[in-house]
2 protein chains.
Amino acid sequence: MENLERHLNEAFAALADPTRRAIVTRLSRGDATVGELAEPFAIGLPTMLKHIRVLERGGLVSSAKAGRVRTCTLNPGALGAADAWLRRHIATWEARLDRLEAHVEARMVQAETGKAAKAQPRNDGRHDD
Amino acid sequence: MENLERHLNEAFAALADPTRRAIVTRLSRGDATVGELAEPFAIGLPTMLKHIRVLERGGLVSSAKAGRVRTCTLNPGALGAADAWLRRHIATWEARLDRLEAHVEARMVQAETGKAAKAQPRNDGRHDD
DNA sequence: CCAAAACTTCACCGAACGGCAAACTGATCT
DNA sequence: AGATCAGTTTGCCGTTCGGTGAAGTTTTGG
């Protein structure tokens, strides 16, 4: 499933551009055609179509053509994937902070008790797990 | 507060590059120096420094120099901001889906009651869940 | 003091990006 | 049929991006 990694890749790349994030915002409020999407921003149809293609490659949007009109719809699954990535890293960071805090607290207790001053700082800079 | 918008902008742009996301992953596990960060990826120090600058502009990372060594640390607040953006849009989308579902359900009730026979299944093939 | 370590700056390269105008392709309207 | 509308494709342009090698700069170890 390295494909997932690459897909996440394209999803974040798609979200990198402010215009494309605005498109996502617009689509989260309801489906829209290429023309409807292009009109609020001052960009031409070809450019908008390119943005849509990028969003589709990132799995964020899908679109279908009916007659001469292409309608775009938001694909919330991919947003969820990016969200999951972010939350995972926030969680990892917070876990690290908790460990650090516990470590400091242990030191303070030791200091208060005034017992053996073997603070054991094996955590000078490294400490991966 | 348009400044927040631009900051979010740079944060997403920073996360667009896979190498930079890997840096974030690495830093979520603990602080690291420029050299330590560069070593796992096959890139030179100048390149790594550039990535760090991008992550700093996005507010994702901060770094400080002690002696001849620069140590980088993850700044979880910005991750949270990006996360909040994503969740807001997922929520908006889901609210929209709920409204749509309610609408369809109301119609079905109408159809069952045998009232106005305008069953209009505008829902030709969509509405997966 | 001298050399090595660890960045940092600089100048440059090729690829990718966002944008456009113009020409083309199918619907849809009159 | 002819005009029009909504995309779509193509080719181009200037900028930004990720990456490099070479030449500084500042600490640090001997």
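Atom set for the values below is all heavy atoms of this structure, side chains included, hydrogens, waters and symmetry mates excluded. Here is the naming used below: chain letters follow the sequence lines, and residue numbers restart at 1 for every chain.
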(message) If I compare all heavy atoms of I23(B) with all of M48(B), which pair ends up nearest, and what's the gap?
(response) CD1-SD, 3.5 Å
(request) Round to the nearest Å and state the distance from K50(B) atom NZ to dT9(C) atom C1'. (result) 11 Å
(request) Return no unless some side-chain N or O of T47(A) is found under 4.0 Å from OP1 or OP2 of dC20(C). (result) yes
(message) I need the CG-P distance between D17(A) and dT15(D), as an integer number of Å.
(response) 18 Å
(message) Does A42(B) reach a base, just sugar-phosphate, or nothing at all? Heavy atoms under 4.0 Å.
(response) sugar-phosphate
(request) Please state how far atom CG in L49(B) lies from atom P in dA11(C), giving the value in whole angstrom units. (result) 16 Å
(request) Return no unless some side-chain N or O of H51(A) is found under 4.0 Å from OP1 or OP2 of dG19(C). (result) yes
(message) Checking side-chain polar atoms at under 3.5 Å, does T73(A) have a donor or acceptor matched by the opposite partner on D31(A)?
(response) yes
(message) Return whichever of A13(A) or A66(A) has its heavy-atom-nearest nucleotide of DNA chain C closer to the 5' end.
(response) A13(A)
(request) Apply side chain to side chain contact (heavy atoms under 4.5 Å, CB included) to L86(A) and L15(B), showing your working. (result) CA-CA 10 Å; L86(A) 284 174; L15(B) 288 172; 3.9 Å; yes
(request) Compare the minimum distances between each of dA6(D), dG19(C), dT8(C) and the side chain of T19(A), then state the nucleotide with the smallest one. (result) dG19(C)
(request) Quickly work out the M48(B) CE to dC17(D) P distance and round it to whole Å. (result) 17 Å
(message) For a quick check under 3.5 Å, do E56(A) and S63(A) share a side-chain donor-acceptor pair by atom type?
(response) yes
(request) Respond yes when some side-chain nitrogen or oxygen of R70(B) is under 4.0 Å from OP1 or OP2 of dT8(C), and no when none is. (result) yes
(request) May I ask you to verify whether the side chain of R68(B) and the base of dC7(C) hold a donor-acceptor pair under 3.5 Å? (result) no
(message) Within the 3.5 Å criterion, strictly below it, is a donor on T25(B) or H89(A) matched to an acceptor on the partner's side chain?
(response) yes
(request) May I have the distance from E56(B) (atom CD) to dT8(C) (atom P), rounded to whole angstrom? (result) 9 Å
(message) Using whole Å, what does the distance between atom C1' of nucleotide dA6(D) and atom CD of E39(A) come to?
(response) 14 Å
(message) Measuring to OP1 and OP2 of dA6(C), would you say a side-chain N or O of T33(B) lies under 4.0 angstrom away?
(response) no
(request) Tell me whether the OP1 or OP2 atom of dT9(C) has a side-chain N or O from R53(B) closer than 4.0 Å. (result) yes
(request) Whole angstrom is fine here: how far is it from CD1 in I52(B) over to C1' in dT8(C)? (result) 11 Å
(request) Under 4.0 Å between any heavy atoms, over every strand shown, what does I43(B) touch: base, sugar-phosphate, or nothing? Just pick one. (result) sugar-phosphate
(message) Strictly below 4.0 Å: does K65(A) bring a side-chain N or O up to OP1 or OP2 of dT8(D)?
(response) yes
(request) Calculate the interatomic distance between L37(A) atom CG and dG7(D) atom C1'; express it in whole Å. (result) 13 Å
